[in-house]
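Source: prediction; values computed, not measured.
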Amino acid sequence: MLALVLAMTLGANALAIRLSPVSERKHDGRIVRAKWDLASQGVPAGGIAVTGDSSGNFAVVAEILENELGRPTRNYCTYGRFLATGAGWFLDRAIERADGPPSLALVVLGSRTYALPPDGFAFPQVPIGFGAWRTRAPRVPLTPVETFQFAAARLLPLYAQHKSFELGITKGRWSIDPSVLPITERGDSILPRAYPDGVAPFADKVLAEIASLEGPVPSEREREALSGLVRDAEARGYDVVFVDGPIWSGLAARPEHVAFLGRAHAYLELLCASSDRAWRLPGPLQTFEPAEMENPYHLPRPAAERFSAELARRLETLGLPR
């Protein structure tokens, strides 16, 4: 009976794998797949590669950087749950498939990403091979528990993606309309509209996550990933700039958030001081109001264009790209 149950379980999950993960039929999964496919084409040699979390995904308009800085630009940003570790995998993929390294890599991280714990069920959403974290920059190893979670997510999608399958079975949500959230050939993801009512509640969630943090900021694991990105830039011969994503002015002004992000900035300053290939973007946070945001970190196109133009201006003050 046990063997029969095991065979049925594995067989059902094997079928689910062959049907393709439901998550790829959601907007999150589609963005991840689209960015990985874009990275697999290789970053233009001497161009600008942008990686990071969703604040960069919805705020950095590659077209504007390309026009302002005169270098071909690609946006590989996805989501904060992959941390700097996962952001590095997209960058590494883009460089290994290129004819030559980029001149500049931007690592765009919203403050919340520094508060997120690693999740072994999230990492396998990035289409790397099992164990590839040992060889793919920034080469941050997964713990035994995370390795087990990674394997379970890949082999048992009915377990790891149960909410997605539940929505498909009960509500028929098996597909999405790609036109609702367009992704351009440069990797720009365009939010259709602002959602002011969602900004403050999401900010309260972030503040709660900050309050529950223990240990250094960034975490020791994230420090290893961030320093690994710098080492890769040194080894391959390109510059890397750490960029704060956009943020709601109300969250940016909260004293606990100021103290929390100050700790992250202090580490980044030390890291950048140790290398002539690493920089932290100068200037204050780029803040926005709820009427032009989808959550405390996401910008629809008009605000994203302003963010990107200012980003280009600040890069020029650094003399980058060079």
Side-chain angles (χ1 to χ4, degrees), residues 31-78 82 84 86-109 126-128 136-138 182-190 226 228-246 272 275-282 286 299 301 304-322:
I31 285 175
V32 171
R33 173 58 65 179
K35 296 304 182 79
W36 189 259
D37 289 346
L38 182 63
S40 298
Q41 298 173 21
V43 64
I48 300 172
V50 187
T51 194
D53 61 19
S54 60
S55 69
N57 183 46
F58 295 115
V60 178
V61 182
E63 181 181 5
I64 289 179
L65 293 187
E66 190 168 304
N67 292 338
E68 295 292 328
L69 300 175
R71 302 290 180 94
T73 304
R74 300 293 182 269
N75 185 335
Y76 307 116
C77 295
T78 54
F82 302 141
W89 295 342
F90 284 86
L91 179 61
D92 186 60
R93 177 72 166 184
I95 296 176
E96 75 175 2
R97 291 298 187 94
D99 294 331
S103 60
L104 177 63
L106 307 180
V107 180
V108 185
L109 300 173
V126 182
I128 64 168
R136 188 170 292 285
I183 303 173
T184 73
E185 68 278 0
R186 294 182 178 88
D188 297 333
S189 298
I190 304 172
L226 293 165
L229 293 174
V230 172
R231 289 194 298 272
D232 191 67
E234 293 171 337
R236 286 169 155 163
Y238 61 90
D239 295 305
V240 60
V241 178
F242 297 100
V243 179
D244 289 306
C272 293
S275 173
D276 61 1
R277 284 291 187 180
W279 316 74
R280 192 172 83 80
L281 190 74
Q286 287 202 57
L299 303 178
R301 183 65 181 238
E305 290 176 352
R306 299 206 317 273
F307 178 90
S308 300
E310 175 63 15
L311 172 58
R313 187 192 68 79
R314 295 189 193 186
L315 289 170
E316 287 181 323
T317 66
L318 289 174
L320 298 174
R322 55 181 173 175

Just do the side chain to side chain contact (heavy atoms under 4.5 Å, CB included) check on T51 and W89 with the steps written out, would you? CA-CA 9 Å; T51 194; W89 295 342; over 6 Å; no
Nearest-0.5 Å distance that lies between atom [atom1] in [X] and atom [atom2] in [Y]:
X    : Y    : atom1 : atom2 : value
R74  : T184 : CZ    : OG1   : 8.5 Å
I183 : D188 : CD1   : CG    : 10.0 Å
F242 : L229 : CZ    : CG    : 5.5 Å
L318 : L281 : CG    : CG    : 6.5 Å

Could you pull out all residues at least two apart from W36 that satisfy ring-ring contact (aromatic ring centres under 6.0 Å, His included)?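 Checked W36 against ring-ring contact (aromatic ring centres under 6.0 Å, His included); matches are F90.
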Tell me, please, which residues at least two apart from N57 pass side chain to side chain contact (heavy atoms under 4.5 Å, CB included).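 In terms of side chain to side chain contact (heavy atoms under 4.5 Å, CB included), with neighbours along the sequence ignored, N57 is linked to I31, K35, C77, S189.
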Qualifying residues under side chain to side chain contact (heavy atoms under 4.5 Å, CB included), relative to P321, sequence neighbours excluded: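 I48, L69, R71, S103, L104.
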Looking only at heavy atoms, which two atoms of [X] and [Y] are closest? And how far apart?
X    : Y    : value
P138 : G88  : CD-CA, 3.9 Å
F307 : G245 : CE1-C, 4.0 Å
N75  : G56  : ND2-O, 3.2 Å
R97  : A39  : CB-O, 4.0 Å
A105 : Y238 : CB-CE1, 3.7 Å

Heavy atoms, side chains only, cut-off 4.5 Å: are S55 and V108 in contact?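 Yes, their side chains come closer than 4.5 Å.
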Evaluate the side-chain proximity of L106 to L311: yes if any heavy-atom separation is below 4.5 Å, no if none is.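 SC-SC contact between L311 and L106 confirmed.
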Partner set under salt bridge (charged side-chain N to carboxylate O under 4.0 Å, His left out) for D92, not counting sequence neighbours: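 In terms of salt bridge (charged side-chain N to carboxylate O under 4.0 Å, His left out), with neighbours along the sequence ignored, D92 is linked to R136, R236.
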Please list, chain by chain and in numerical order, all residues satisfying salt bridge (charged side-chain N to carboxylate O under 4.0 Å, His left out) with D239, sequence neighbours excluded.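 Scan of D239 (salt bridge (charged side-chain N to carboxylate O under 4.0 Å, His left out), adjacent residues dropped) gives R277, R322.
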Please set out all donor-acceptor pairs under 3.5 angstrom arising from side-chain atoms of residues 58-66, sequence neighbours excluded.
unit_1: E63; atom_1: OE1; unit_2: R301; atom_2: NH2; d: 3.4
unit_1: E66; atom_1: OE1; unit_2: T73; atom_2: N; d: 3.0
unit_1: E66; atom_1: OE1; unit_2: R186; atom_2: NE; d: 3.1
unit_1: E66; atom_1: OE2; unit_2: R186; atom_2: NE; d: 3.4
unit_1: E66; atom_1: OE2; unit_2: R186; atom_2: NH2; d: 3.2

Let me see the working for V240 and L91 under side chain to side chain contact (heavy atoms under 4.5 Å, CB included), right down to the final yes or no. CA-CA 11 Å; V240 60; L91 179 61; 5.8 Å; no
Strictly below 4.0 Å, N to O, side chains only: are E310 and R314 in salt-bridge contact?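 Yes.
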